[in-house]
Amino acid sequence: MHDQPPSACPHGGPAAPRPSAPDLFTWEFASNPYPAYSWLREHAPVHRTELPSGVEAWLVTRYADARQALADQRLSKNPAHHDEPAHAKGKTGIPGERKAELMTHLLNIDPPDHTRLRRLVSKAFTPRRVAEFAPRVQELTDQLIDRFGEKGEADLIHEFAFPLPIYAICDLLGVPREDQDDFRDWAGMMIRHGGGPRGGVARSVKKMRNYLADLIHRKRADPGDDLISGLIRASDHGEHLTENEAAAMAFILLFAGFETTVNLIGNGTYALLTHPEQRAELQRSLGAGETALLETGVEELLRFDGPVELATWRFATEPLRIGGQDIAAGDPVLVVLAAADRDPARFPDPDLLDLSRVDNQHLGYGHGIHYCLGAPLARLEGQTALATLLRRLPDLQLAVEPEELRWRGGLIMRGLRTLPVTFTPPGR
Ligand code: HEM
C-alpha cells in the first residue's frame with residue numbers, strides 16, 4: 001500500500017515531481033484533517049512543514065514509522081535538544097511552563113531521569129487505585145447529567161465532557177471539594193487558549209502550580225489516602241520525589257489527563273451521534289448488560305478520532321532516518337497519531353468506525369516509554385461517560401448539523417468547541 005518512496009520534501013528530499021501538499025492547520029483542516037493526512041501518508045510520509053507558530057518540524061504520518069519514532073530513544077523529549085532559532089524559543093511546550101518552573105515532568109525528560117520519576121509515580125498511580133475510583137466516577141457522571149437533564153438540551157462539552165475529568169482528577173489528587181471550582185476556572189482558561197485574555201493561560205498555569213505546591217506542603221504534614229499523599233510517600237530504593245518534582249508531577253497529571261479526556265468524551269459522543277447504526281448496536285449491547293462492545297468501542301473511538309492528534313514534541317539528538325527521510329540533529333519531530341491510526345497498511349477500512357474492531361493496536365495513548373500513564377483512568381472515564389449518556393438519554397441527538405460544529409484547531413489536541421444536543425429528559 002505504501003509503495004512510493006518518501007518524496008520531495010522542501011528539506012533535502014529527492015526532486016520527483018508530485019502534486020503540492022495540502023494546506024495544513026487551516027480552519028478547514030481543523031474540521032477534518034483526515035484527507036490531508038491521507039495525502040501525506042501517500043506522498044510525503046515524513047514531511048517538513050512550518051507550523052502556525054513559525055517553528056519548523058517533521059510530521060510523521062505512517063503507522064510503522066510513527067510506532068518506530070515513538071520508541072526511538074534518539075528522539076529526545078528534552079527541549080534543550082531543539083536546535084531552535086530565536087523566534088522558536090518557548091513555542092514547543094505547555095504555555096507558561098518555563099516561567100512556572102514546571103519543566104521537570106515526564107513529558108519533558110529522558111532516561112535515566114524519566115525512568116526514575118515514572119517508577120516513583122507508578123507506585124502511587126496504580127491501576128488498583130483507579131479501579132477503586134470507579135464508583136466516584138459513576139457518581140460524578142450521574143450528578144452532571146442530573147444538572148442538565150431536565151432542560152432537554154445541553155452543550156455536552158461545557159456541561160459534561162469538560163467538568164467530569166477536572167472534578168475526577170481533583171478528587172483523585174486530593175484537592176479539597178471547596179477548591180475544585182477554582183481548578184475548573186483555571187482549567188477552563190487553559191482549554192480556551194487563544195480565545196482567552198492575553199497571558200491568561202500563563203497566569204492560570206502559575207496559579208495552579210502555586211496552589212499545588214502549597215497543597216503538597218500541607219499534605220506532607222497531614223497525609224491522606226489521595227494520590228498527592230501517595231506521590232509524597234512513594235519511594236524507590238530509599239529515594240523520594242522532591243516537593244518540586246511532586247508539584248510538577250501533580251501538574252502534569254492534571255494537564256495530560258484533563259483536555260485529553262474532555263476530547264475523548266466529546267469526539268466519542270460526536271462519532272456515535274453521526275454513526276447511528278454503530279450507536280444503536282452499542283445501545284442494544286448495553287441494554288443486554290454486556291460490556292465487551294463498550295470496551296472495544298472506546299478503543300475504536302480513540303483510533304477513529306482520538307483526542308491527541310499529534311504526540312508531544314521530540315527532538316533528534318543525532319542525525320537519523322525515519323521512513324527513508326534524513327533528519328538532522330536538533331530537528332523537531334511530531335508524530336501524527338491521528339494519521340497513523342487511519343493508515344490502511346495497518347487497519348483494514350481505516351475510515352470506517354467499527355466499534356467491534358479487535359485487532360486495534362492504535363497509537364491514541366502513544367507507545368514506548370512515554371505511553372500514557374493515565375490510560376486506565378481515561379478508559380474508566382470514557383466508558384462510564386458514554387455508557388451513562390446512552391443509557392440515561394437514549395434518544396440523544398445533535399441539535400445542529402455536523403458542518404456547523406467548530407473544532408478547536410490547536411496543534412496537539414483535537415476536540416470540539418461545543419456539542420449542542422437535544423434529548424427527552426430522563427424519567428419522562
Ligand atoms: C483519553 C484520554 C487520554 C489520551 C488520549 C492520552 C494520550 C496520551 C498520549 C498520546 C501520551 C504520550 C505522548 C507522547 O509520547 O508524546 C500520553 C502520555 C501521558 N499521559 Fe495521557 N492520555 C489520556 C488521559 C490521561 C489521563 C487521564 C492522565 C492522568 C491523569 C494522563 C497522564 C499522562 C501522563 C503523565 C503522560 C506522560 C507519560 C510519560 O511521559 O511517561 N493521560 N497520554
Side-chain angles (χ1 to χ4, degrees), residues 60 66-67 69-73 75-79 92-94 102 104-111 113-122 124-127 129-130 133 137 161 164-173 175 187 227-228 230-231 245 248-269 298-315 332-338 340-341 362-386 411-415:
V60 178
R67 210 173 139 87
L70 290 171
D72 191 332
Q73 306 244 342
L75 289 174
S76 168
K77 299 290 296 126
N78 185 343
T92 57
I94 297 170
L102 291 165
T104 322
H105 62 65
L106 291 174
L107 282 170
N108 268 350
I109 53 172
D110 301 319
D113 288 342
H114 176 269
T115 321
R116 180 181 76 87
L117 285 186
R118 178 140 179 157
R119 215 166 31 216
L120 277 166
V121 70
S122 303
F125 194 29
T126 57
R129 185 184 283 274
V130 172
F133 195 52
V137 172
L164 179 59
I166 196 74
Y167 290 135
I169 191 73
C170 279
D171 265 359
L172 197 67
L173 284 171
V175 174
L227 183 51
I228 286 193
L231 286 175
E245 285 171 339
M249 192 66 76
F251 176 81
I252 196 64
L253 289 175
L254 259 160
F255 193 87
F258 161 57
E259 191 172 347
T260 46
T261 314
V262 175
N263 293 342
L264 168 60
I265 299 170
N267 300 2
T269 307
V298 168
E299 297 311 302
E300 174 68 346
L301 292 168
L302 277 157
R303 181 198 71 79
F304 182 74
D305 203 9
V308 184
E309 189 166 335
L310 276 69
T312 54
W313 293 88
R314 287 168 163 74
F315 307 96
V333 173
L334 288 167
V335 176
V336 188
L337 306 178
D341 280 344
H362 62 77
L363 299 179
Y365 289 120
H367 172 64
I369 61 169
H370 293 279
Y371 180 83
C372 179
L373 190 70
L377 178 61
R379 288 194 174 104
L380 171 67
E381 290 183 53
Q383 290 177 14
T384 308
L386 294 177
L411 181 64
I412 305 286
M413 304 280 186
R414 172 163 170 76

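Just follow the structure's listing: the first ligand is 1, and inside any ligand the first atom is 1.
- Side chains of Asp110 and Gln73 form no contact here, defined as non-hydrogen atoms less than 4.5 Å apart.
- Considering backbone and side-chain N/O of Thr261, none are found under 3.5 Å from N/O of ligand 1.
- Each of the following atoms of ligand 1 lies closer than 4.0 Å to a heavy atom of Ile369: 41 (O).
- Closest protein heavy atom to atom 12 (C) of ligand 1: His370 O, 3.4 Å.
- Using a 4.0 Å cut-off between heavy atoms, His367 makes no contact with ligand 1 at all.
- The CD1 atom of Ile109 sits 4.5 Å away from the CG atom of Leu117 when rounded to the nearest 0.5 Å.
- Listed by atom number, the atoms of ligand 1 under 4.0 Å from Leu302 heavy atoms are 5 (C).
- Ring-plane geometry between His362 and Tyr365 is classed as tilted, the angle between the planes lying from 30 to 60 degrees on a 0 to 90 degree scale.
- Protein N/O/S atoms found under 2.8 Å from atom 21 (Fe) of ligand 1: Cys372 SG.
- When side chains are defined from C-beta on, Leu120 does not count as touching Arg118, because their heavy atoms never get closer than 4.5 Å.
- For the pair Leu164 and Thr261, the minimum side-chain heavy-atom distance is 4.5 Å or more.
- Residue-level proximity to ligand 1 for Arg118 is carried by the side chain, the only part with a heavy atom below 4.0 angstrom.
- Between atom CG of residue Asn108 and atom CG of residue Asn78 there is a gap of 7.0 Å, rounded to the nearest 0.5 Å.
- Between Leu227 and Arg129, the closest side-chain pair of non-hydrogen atoms falls below 4.5 Å.
- Looking at Val60 and Leu70, their side chains never come closer than 4.5 Å, going by heavy atoms from C-beta outward.
- Under the side-chain contact (heavy atoms from CB on, under 4.5 Å) rule, Val137 has a single partner from Asp171, Thr384, Leu172, which is Thr384.
- Within the model, atoms CD1 of Ile252 and CG of Leu107 stand 5.0 Å from one another, a figure rounded to the nearest 0.5 Å.
- In this structure, Gly364 counts as a contact residue of ligand 1, since one of its heavy atoms falls inside 4.0 Å of the ligand.
- Here Val121 has no heavy atoms under 4.0 Å from ligand 1, in either its backbone or its side chain.
- For the atom pair Asp341 CG and Leu363 CG, the distance stands at 5.0 Å (nearest 0.5 Å).
- At a 4.0 Å cut-off, not a single heavy atom of Gly382 sits close enough to ligand 1 to count as contact.
- Nearest non-hydrogen protein atom to atom 37 (C) of ligand 1 is Leu107 CG, 3.6 Å.
- The closest side-chain heavy-atom distance from His370 to Lys77 is below 4.5 Å.
- Listed by number with element, the atoms of ligand 1 under 4.0 angstrom from any heavy atom of Leu337 are 10 (C).
- The heavy atom nearest to atom 16 (O) of ligand 1, considering only Leu264, Leu227, Thr312, Val335, is found in Thr312.
- Two residues are said to be in side-chain contact when any heavy atoms from C-beta on lie closer than 4.5 Å; Ile369 and Thr115 fail this criterion.
- With a heavy-atom cut-off of 4.0 Å, His114 touches ligand 1 through its side chain alone.
- By the 4.5 Å heavy-atom criterion applied to side chains, Asp72 and Val333 are not counted as neighbours.
- Taking a 4.0 Å cut-off on heavy atoms, Ile109 fails to register as neighbouring ligand 1.
- Neither the backbone nor the side chain of Asn263 comes within contact range of ligand 1; no heavy atom lies under 4.0 Å.
- A heavy-atom separation below 4.0 Å is found between Arg314 and ligand 1.
- Ligand 1 has no atom lying under 4.0 Å from any heavy atom of Leu254.
- Here Glu300 pairs with Arg303, Arg357, Asn360 under the side-chain hydrogen bond (donor to acceptor under 3.5 Å, both in side chains) rule; sequence neighbours left out.
- Taking every heavy atom of Ile169 and a limit of under 4.0 angstrom, the matching atoms of ligand 1 come to 30 (C).
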